[in-house]
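Structure first, commentary second.
Just so we're clear, the structure is a prediction, and the values are computed from it rather than from any experiment. Letters A, B, ... mirror the listed sequences (proteins, then strands); counts begin at 1.
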Number of protein chains: 2
Amino acid sequence: MPRATVDRLPRYLRALDSLEAQGVVTTSSETLAAVAGVGSAQLRKDLSFLGSHGRRGVGYDVSHLRGRIAAALGVTSRQRVVIVGIGNLGHALANYSGFGERGFSVVGLVDVDPAVVGSSVSGMVVRHLDELEGLVDELGATIAVLAVPSSAAQRVCDRVVAAGVGGVLSFSSRELAVPTGVDLRTVDVGAELQILAFHGRRRQSTGA
Amino acid sequence: MPRATVDRLPRYLRALDSLEAQGVVTTSSETLAAVAGVGSAQLRKDLSFLGSHGRRGVGYDVSHLRGRIAAALGVTSRQRVVIVGIGNLGHALANYSGFGERGFSVVGLVDVDPAVVGSSVSGMVVRHLDELEGLVDELGATIAVLAVPSSAAQRVCDRVVAAGVGGVLSFSSRELAVPTGVDLRTVDVGAELQILAFHGRRRQSTGA
DNA sequence: CGCTGTGAAAACCTTCACAGCC
DNA sequence: GGCTGTGAAGGTTTTCACAGCG
């Protein structure tokens, strides 16, 4: 399955949720694509990698297709997530209530700051980084979210990987190295802004 | 300039910052690419779109190249950013101190919640959404960051666009529509986790 | 000789357009 | 007739490999 297709599956899942919430039972590639913000040909091609789940002349069963995509993504049972770094951002992520409906449970919070360790955030006690390995194992966490300072990111990343998580989502702008077999994704807000700035610059010099 | 290249420029900028901080004056495509986490051929191709700034047989002048990329991105003078939605995430973003070194100043905070409007966050008073248009104009903001609930995202987006910003960074998972000429980027943390879950699933069934 | 800059080749992804089934 | 599923065409991005300059 092409990487680009995988990257779009979450959009399709959300679009289907949205249609389902509106009581739509059956939909067409045209409609679903419009909701997801892609072209209909692209949608059909992407879905074809999951097998044949539509009916010609009719369309797709919203609920069934939703199930197929959720299964492909592996979010039929809640994936367990540990958040490391309970600063401003870690706090915000821990309190974010939207993870549940996307298929995730935040099961552990970890930090090193003595002022934070032991305190309660979003109904959970923050544990010390030293307890990380035990926590990951005991809680069955498969994904770690890193919201730590850039200077600590690689060190902490090495620890969560050694502890056994298979996926890491980093909010650090630092380039991180992970062993093969572990999946890493990075959200760099500064980089996103810089890309916007590039296009803003274009707009300006094109004269508007 | 290819879209894919633009998306990588921020990485190169950060890599150059990192080298410069270590006192490196001249570097090769090989070294810089390693720091940025890309292939050296890709780096050279990307840089070639900015013109010819290296010296054959020698390499690139770190400081000079940094300047060229910053200019291309339009971050030589600080871009002004307004954050809309001062909940958990908006708070975290407002307090994040790293924007300065990436070329941005947060110049305004906006919300609608009476409990938040008028309070002080990160040394700034939160203004009401009704004042948005005036603020954007008065402060010269070119980019808006949306950290609002999904249900309000499109409405708020329309307002910031009407107020005159040219770039929008949304943290909502909702698909947003913007007029042509306005640039939109979306950071969807739930989607990132789902993509990680997909790969985790693969790993599991491949047998580890 | 070393390293950049770049055409050309290969890989990847998207879009088209229609055959095939409902 | 309508809409999916998909080969084929078209476009973009990456990689290769080397000419060209210092």
Side-chain angles (χ1 to χ4, degrees), chain A residues 1-13 15-16 19 24-69 72 175 191 195 198-199 202, chain B residues 1-13 15-16 19 24-69 72 175 183 185 191 195 198-199 202:
Chain A
M1 167 128 65
R3 162 184 279 271
T5 295
V6 175
D7 286 1
R8 280 186 296 267
L9 291 182
R11 289 176 147 216
Y12 301 154
L13 193 59
L16 287 164
L19 289 174
V24 176
V25 173
T26 302
T27 190
S28 67
S29 64
E30 203 71 49
T31 303
L32 181 54
V35 176
V38 301
S40 64
Q42 174 134 258
L43 174 75
R44 290 199 302 279
K45 179 69 98 185
D46 283 342
L47 293 186
S48 76
F49 291 107
L50 301 178
S52 195
H53 298 290
R55 265 188 268 184
R56 294 174 200 237
V58 181
Y60 301 92
D61 180 89
V62 171
S63 168
H64 174 253
L65 185 57
R66 193 200 172 285
R68 291 309 303 145
I69 294 178
E175 215 61 46
I195 296 166
F198 173 89
H199 290 109
R202 279 235 115 183
Chain B
M1 166 128 67
R3 164 185 276 271
T5 296
V6 175
D7 286 2
R8 280 187 295 268
L9 290 183
R11 291 177 147 216
Y12 301 153
L13 193 58
L16 287 164
L19 289 174
V24 176
V25 173
T26 302
T27 190
S28 67
S29 64
E30 203 71 48
T31 303
L32 182 54
V35 175
V38 301
S40 64
Q42 174 134 258
L43 174 76
R44 290 199 302 276
K45 179 68 99 184
D46 284 341
L47 293 185
S48 76
F49 291 106
L50 301 178
S52 196
H53 298 290
R55 265 188 268 184
R56 296 176 198 235
V58 181
Y60 301 93
D61 179 273
V62 171
S63 168
H64 174 251
L65 184 57
R66 194 204 172 283
R68 291 309 304 143
I69 294 178
E175 216 60 46
D183 201 31
R185 292 187 69 87
I195 296 166
F198 173 89
H199 289 109
R202 279 235 117 181

Nearest of C:dT4, C:dA19, C:dC13 to any side-chain atom of A:R56?
C:dA19
Check whether any side-chain nitrogen or oxygen of B:S29 sits under 4.0 Å from OP1 or OP2 of C:dC3, and answer yes or no.
no
Contact nearer the 5' end of DNA chain C, comparing A:V58 with A:A41
A:A41
Send over the distance from B:E30 CD to C:dT4 C1', rounded to a whole Å.
12 Å
Between C:dT4 (C1') and B:K45 (NZ): distance, integer Å
12 Å
Is there a side chain to side chain contact (heavy atoms under 4.5 Å, CB included) between B:V24 and B:T31 once you walk through the steps?
CA-CA 11 Å; B:V24 176; B:T31 303; over 6 Å; no
Chain A footprint on DNA chain D, 5' to 3' - any atom under 4.0 Å from a heavy atom
D:dG2 to D:dA8
Rounded interatomic separation in angstrom, taking CZ from A:R3 and P from C:dC12:
11 Å
Separation of C:dT4 C1' from B:R55 CZ (nearest whole Å):
12 Å
B:V25 and B:V62, any side-chain heavy atoms less than 4.5 Å apart:
no
Pick the nucleotide of DNA chain C nearest each of A:G57 and B:H53; which residue has the one closer to the 5' end?
B:H53
Nearest-Å distance for atom pair CZ/C1', residues B:R68 and C:dT4
17 Å
B:Q42 CD to C:dG7 P, in whole Å, measures 18 Å
What's the verdict on side chain to side chain contact (heavy atoms under 4.5 Å, CB included) for A:Y12 and A:R68, showing C-alpha distance, side-chain angles and the deciding distance?
CA-CA 11 Å; A:Y12 301 154; A:R68 291 309 303 145; over 6 Å; no
Considering non-hydrogen atoms only, spot the tightest contact between B:S40 and B:E30 and give its length.
OG-OE1, 3.7 Å
Just by distance, with hydrogens left out, do A:D61 and A:T26 show a side-chain donor and acceptor under 3.5 Å apart?
no
What's the verdict on side chain to side chain contact (heavy atoms under 4.5 Å, CB included) for A:E175 and B:V35, showing C-alpha distance, side-chain angles and the deciding distance?
CA-CA 8 Å; A:E175 215 61 46; B:V35 175; over 6 Å; no
A:R8/A:L43 under side chain to side chain contact (heavy atoms under 4.5 Å, CB included): CA gap, chis, key distance, verdict
CA-CA 9 Å; A:R8 280 186 296 267; A:L43 174 75; over 6 Å; no
Can you measure A:F49 atom CZ to C:dC12 atom P for me and round it to whole angstrom units?
12 Å
Quick one: label A:G54 by what it contacts on the DNA or RNA (base, sugar-phosphate, nothing), any heavy atom closer than 4.0 Å.
sugar-phosphate
